[in-house]
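Not measured: the values here are computed from a predicted model. Counting begins at 1 with the first residue of the sequence. Order of listing sets the numbers, starting from 1, for every ligand and every atom in it.
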Amino acid sequence: MLPKLIKYILKETPQSQEVEISGWVRTKRDMKNLIFVEINDGSCFSGIQCTFDRSIGMDRETEAALSALTTGASVKIKGLLVSSPAGGQAVEVAACELRIFGEAPAENKHGKTPELDIQAYPLQKKRHSLEFLREIAHLRPRTNTFGAVARLRSRLAFAIHKFFQERDFHYLHTPVITAGDCEGAGAMFQVTTLDHAAVKQFAGGSVDYSKDFFGKKTYLTVSGQLEAETYAMALSRVYTFGPTFRAENSNTARHLAEFWMVEPEVAFAELKDNMALAEDFLKYIFKTALEECSQELEFFDAHIENGIIKSLLHIANTKFAHITYTDAVMELEKAAAADRGLFEFQPRWGNDLHSEHERFLTEKIAGGPVIVTDYPKGIKAFYMKQNDDNKTVRAMDVLVPRLGEIIGGSQREDNLEKLIWRLKDMGMRTEDYQWYLDLRRYGSVPHSGFGLGFERLIQYISGMANIRDVIPYPRAVGQAEF
Ligand code: 4AD
Ligand code: MG
């Protein structure tokens, strides 16, 4: 039988019943006859306090284990669950037996051979910088911060499935390896089994990709959208939730080379339906976080980003603002004219919004999330539905304070002719998109969808400043450790 988790033991009514705790030592305090040991098993934010009383006497093995016990060691403790005289906890364990599974030395330890040398356990009680913890990403889940992030991620991944399943969306698995560039941004990782040393010999000539594993050039997907559209044209409502890859050379606090994206795609839905879906979806996730990860959020509020609970509560209950790209640029220009030093990049119709502009729109103009729609077609992907003005497309980006873009989506171009012209216009090969164009040849319908960056969502809810701290093993330019 699996051991009972601390999460459940903490909720029991203390009646001096026997309990057994398995976990890792967070702290040990020695005060005369009493030794307080806090154990955490990661099942919830809190640990449980186990108190050993020397004056009662204990078995030899326990006594030896207690003196050897250090932060980070893994243990099993037996004792009685009693109500706690200390503040901040309802129950504690009057412990009688301690066994150590694995030590975690507090000082460097010499082994029989150099390979058996062990450095002192790096997670001592003091507070560590997030940069330092990134270097020991395999140990950082044992800290309060990263334990909380991991539980939040897990719980919200489940909530995402729940939201869509409850609304009759079918979960679709789109391929990780693809031959096409969904976003047309060219920021793709190539997948090949060709021998690079051999390829080098062709230098100057061209590589024959028909000899490659798939018989053509292939990449890691940047988005499952195009494939999701094919299934939405059959099942009406689908969503994907999987890893996506971008070889963008952007070393920022909100970009990863590998991130998880949630992409719903809905048939018979126009842009306004898509906007409403995105808003309902985000609010559902915020509410879930507030209700089901309250301990984690309290920690983030106190130690990571002050006021985060209040702002999530506010946002979960307030209508999102809507603004067109054209109006947004007008507002930004007005603000930039009034204060020349306000922006590093001057806002200009036709250019993409920079993150400083996105933040200004949310923080100063809307005072909360804002959905910006109808972007110039020149800065958006080929598949977006063209507006009658011939200049803009039915795009929508959901922007949030602190972070900027959290969701990007659109109504899709469902007119065959317009889509073909757009592809040609952008210098893309229509031959590569025949299957995609078939959707417009046979039973085409208005349809829409969006993509949510899962790490940006976790960043937003936790207040963590760097996206590399909300995914277990971040992949970014020059970084693929572990
Ligand atoms: O705006 P994007 O590029 O949209 C798409 O990929 C569409 N195919 C989605 C769709 O309509 N089905 O990406 C969507 C979201 C962004 O809003 C952002 O939250 C996240 O994905 N994202 C990233 N997150 C982390 N690192 C990166 N490099 C990201 N690029 C995009
Ligand atoms: Mg985008």
Inset, instruction - Out of E258, E263, E265, indicate the one that has the non-hydrogen atom closest to atom 9 (C) of ligand 1. - result: E263
Legend entry - T244 to ligand 1, any heavy atom closer than 4.0 Å: no
Inset, instruction - Measure from NZ or CZ of K380 to the centre of the six-membered ring of Y375 and say whether it is under 6.0 Å with the direction within 45° of the ring axis. - result: yes
Inset, instruction - Identify, by atom number and element, the atoms of ligand 1 in contact range of R254, meaning under 4.0 Å from any of its heavy atoms. - result: 25 (C), 26 (N)
Legend entry - Close-contact set for ligand 1 against R412 heavy atoms, below 4.0 Å: 10 (C), 11 (O), 12 (N)
Legend entry - Test: E270 and K385 ion pair at under 4.0 Å: no
Inset, instruction - Answer with side chain, backbone, both or neither: which part of M396 has a heavy atom less than 4.0 angstrom from an atom of ligand 1? - result: neither
Legend entry - S223: numbered ligand 1 atoms lying under 4.0 Å from its heavy atoms: 6 (O), 8 (N)
Legend entry - Partners meeting side chain to side chain donor-acceptor pair (under 3.5 Å) with E279 (sequence neighbours left out): K283, K319
Inset, instruction - Taking the Mg ion (ligand 2) as the centre, count the protein N/O/S atoms lying under 2.8 Å from it. - result: 1
Inset, instruction - Run down the list Q225, R475, E405, Q459 and name the one with the heavy atom closest to atom 1 (O) of ligand 1. - result: E405
Inset, instruction - With heavy atoms of G453 as the reference, note each atom of ligand 1 found under 4.0 Å away. - result: 15 (C), 19 (O), 20 (C), 21 (O)
Inset, instruction - Scan side-chain atoms only and decide if R340 and Q346 contain a donor-acceptor pair under the 3.5 Å cut-off. - result: no
Inset, instruction - Examine Y219 together with F189 and report whether their ring centres are nearer than 6.0 Å. - result: no
Would you be so kind as to tabulate the donor-acceptor pairs closer than 3.5 Å made by side chains of residues 230-237, with sequence neighbours excluded?
from : atom 1 : to   : atom 2 : distance (Å)
T230 : OG1    : E227 : O      : 2.5
R237 : NH1    : R167 : O      : 3.0

Inset, instruction - Using non-hydrogen atoms of the residue, decide whether R246 is closer than 4.0 angstrom to ligand 1. - result: yes
Legend entry - Region of F259 engaging ligand 1 - heavy atom pairs below 4.0 Å: side chain
Legend entry - Test: R440 cationic atom under 6.0 Å from Y436 six-membered ring centre, within 45° of axis: yes
Legend entry - Proximal atoms of ligand 1 relative to E248 (non-hydrogen, under 4.0 Å): 28 (N)
Legend entry - Sub-4.0 Å atoms of ligand 1 with respect to non-hydrogen atoms of Y383: 7 (C), 8 (N)
Inset, instruction - Report the part of D397 (side chain from C-beta onward, or backbone N, CA, C, O) that has a heavy atom under 4.0 Å from ligand 1; answer both or neither where that applies. - result: neither
Legend entry - Proximal atoms of ligand 1 relative to G408 (non-hydrogen, under 4.0 Å): 1 (O), 9 (C), 10 (C), 11 (O), 17 (O)
Legend entry - Any G409 heavy atom less than 4.0 Å to ligand 1: yes
Inset, instruction - Answer yes if the side chains of H447 and E229 hold a donor-acceptor pair under 3.5 Å, and no otherwise. - result: yes
Inset, instruction - Would you tell me which option among M384, M261, R456, E455 has the nearest heavy-atom contact to atom 14 (C) of ligand 1? - result: M261
Kindly list each side-chain donor-acceptor pair under 3.5 angstrom involving residues 169-180, sequence neighbours excluded, with atom names and distances?
from : atom 1 : to   : atom 2 : distance (Å)
Y171 : OH     : F241 : O      : 3.3
T178 : OG1    : G180 : N      : 3.4
T178 : OG1    : G180 : O      : 3.0

